[in-house]
Amino acid sequence: MAAPRTAQTITRPFLGTSPAARAVAASVASTAALLAERRLHQPADHRGARLSFADGTGSRVYRETAVDGEHPREPVVLVVAFRLRAVRGRAHALFRWESELNTPLFAGFPGFVSKLWTAHDDQDRYRGLYEWDGPERAHDYVRALGRVLSLVSEPASVQAVVFPGLRRDEVLQTPDLMADHGAPAWGVLTSVDPSPMP
């Protein structure tokens, strides 16, 4: 077995406003094409599963988004984390409902394969756990999305970590695959409880 590759952590600075806006606009157009082709779906296989991370936090998957027919040649697991500004209490439920409208902001980026959306943890931090095709494409996505997220999030909370060579379904089955990559604890999956939400 090959030695694990080093994870790559991404923080600020992100793209400037104009380049980020162009990248997101292209994603919106590509998402429209995916919808027209009926290739964008919301599987229910992982909905309700609880993901736990090495920093002791965890949260449940409340939505999944996936593109049909994507088989990455350079698989990457990407974890994005952020803490929304001034969203507390019942406002979290409103955000989870509204967040589906944000799908075009990411689903049309080159290399997108799938995303698990997780609810906020006990530190009010949201995470997305993605599979991507190509580490460079994952970096490009984070640098553009980071600008957008910074508008509605605590800027210092927006960060991501890329795990080259890993596939999402493999790490959900064997979370230990994410260990020993040098990643920050908030991005390292340690266990998956597939039990659905009550």
Side-chain angles (χ1 to χ4, degrees), residues 7-28 30-31 42 46-47 49-65 76-132 135-163 168 178 183-190:
Q8 302 150 9
T9 303
I10 309 169
T11 58
R12 295 183 297 169
F14 301 117
L15 284 182
T17 302
S18 294
R22 287 194 295 271
V24 169
S27 174
V28 171
S30 295
T31 300
Q42 293 186 344
H46 302 292
R47 193 178 305 153
R50 180 174 175 81
L51 308 185
S52 297
F53 292 83
D55 65 351
T57 64
S59 53
R60 290 199 180 271
V61 175
Y62 69 91
R63 184 180 300 123
E64 179 176 357
T65 303
V76 166
V77 169
L78 167 67
V79 183
V80 176
F82 60 94
R83 189 177 292 107
L84 292 168
R85 268 193 215 124
V87 174
R88 302 290 182 269
R90 294 182 182 176
H92 284 296
L94 179 63
F95 171 76
R96 290 194 299 272
W97 176 84
E98 176 278 333
S99 64
E100 186 165 8
L101 301 176
N102 299 333
T103 300
L105 303 182
F106 66 84
F109 270 84
F112 172 76
V113 178
S114 67
K115 175 183 179 179
L116 297 180
W117 312 57
T118 70
H120 64 290
D121 62 21
D122 59 5
Q123 297 181 16
D124 286 337
R125 179 176 45 207
Y126 285 86
R127 292 182 186 87
L129 191 149
Y130 301 75
E131 185 166 13
W132 217 268
E136 294 82 9
R137 289 173 162 184
H139 275 259
D140 290 345
Y141 163 68
V142 172
R143 293 184 66 231
L145 184 75
R147 170 61 61 188
V148 176
L149 280 175
S150 294
L151 299 176
V152 296
S153 303
E154 298 172 9
S157 75
V158 180
Q159 48 195 330
V161 61
V162 175
F163 294 85
R168 189 203 67 174
M178 295 181 81
W186 58 261
V188 177
L189 190 64
T190 55

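Nothing here was measured: the structure is a model prediction, and the numbers come from that model.
- Residue pairs meeting the salt bridge (charged side-chain N to carboxylate O under 4.0 Å, His left out) criterion with at least one member in residues 139-150: none, sequence neighbours excluded.
- Counting heavy atoms from C-beta on, the side chains of V142 and V80 come closer than 4.5 Å.
- Partners of S99 by side chain to side chain donor-acceptor pair (under 3.5 Å), not counting sequence neighbours, listed by chain and number: Y62, R63.
- For P135, the side-chain contact (heavy atoms from CB on, under 4.5 Å) criterion is met by Q8, E74, V76, V162, not counting sequence neighbours.
- For R125, the side-chain contact (heavy atoms from CB on, under 4.5 Å) partners at least two apart in sequence or on another chain are D55, T57, A81, R83, D121, Q123, R127, W186.
- Judged purely by atom type and a 3.5 angstrom limit, R60 has no side-chain atom pairing as donor or acceptor with the backbone of R47.
- Closest approach of S59 to H120, counting heavy atoms only: CB-O, 3.8 Å.
- To the nearest 0.5 Å, atom CZ of residue F106 and atom CH2 of residue W117 are 4.0 Å apart.
- Residues Y141 and L78 form a side-chain contact, since some pair of their non-hydrogen atoms from C-beta on lies under 4.5 Å apart.
- Every ring-ring contact (aromatic ring centres under 6.0 Å, His included) that F163 has, sequence neighbours left out, goes to H181.
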Throw together a table of side-chain donor-acceptor distances under 3.5 angstrom for residues 10-24, partners on residues two or more places apart or in other chains.
none

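- With sequence neighbours left out, the side-chain contact (heavy atoms from CB on, under 4.5 Å) criterion links S153 to F82, L84, L149, S157, V158.
- A donor-acceptor pair under 3.5 Å is formed between the side chain of T190 and the backbone N or O of S52.
- Between the OG atom in S114 and the CG atom in L129 there is a gap of 8.0 Å [rounded to 0.5 Å].
- With sequence neighbours excluded, the residues forming a side chain to side chain donor-acceptor pair (under 3.5 Å) with E100 are Q42, listed by chain and number.
- G146 and S150 get closest at one heavy-atom pair: O-OG, 2.7 Å.
- Every residue two or more places apart in sequence or in another chain that forms a side chain to side chain donor-acceptor pair (under 3.5 Å) with E64 is listed here: R168.
- For S27, there are no side chain to side chain donor-acceptor pair (under 3.5 Å) partners, not counting sequence neighbours.
- Judged by distance alone, with hydrogens and angles left aside, the side-chain atoms of T31 form a donor-acceptor pair with the main-chain N or O of G108 at under 3.5 Å.
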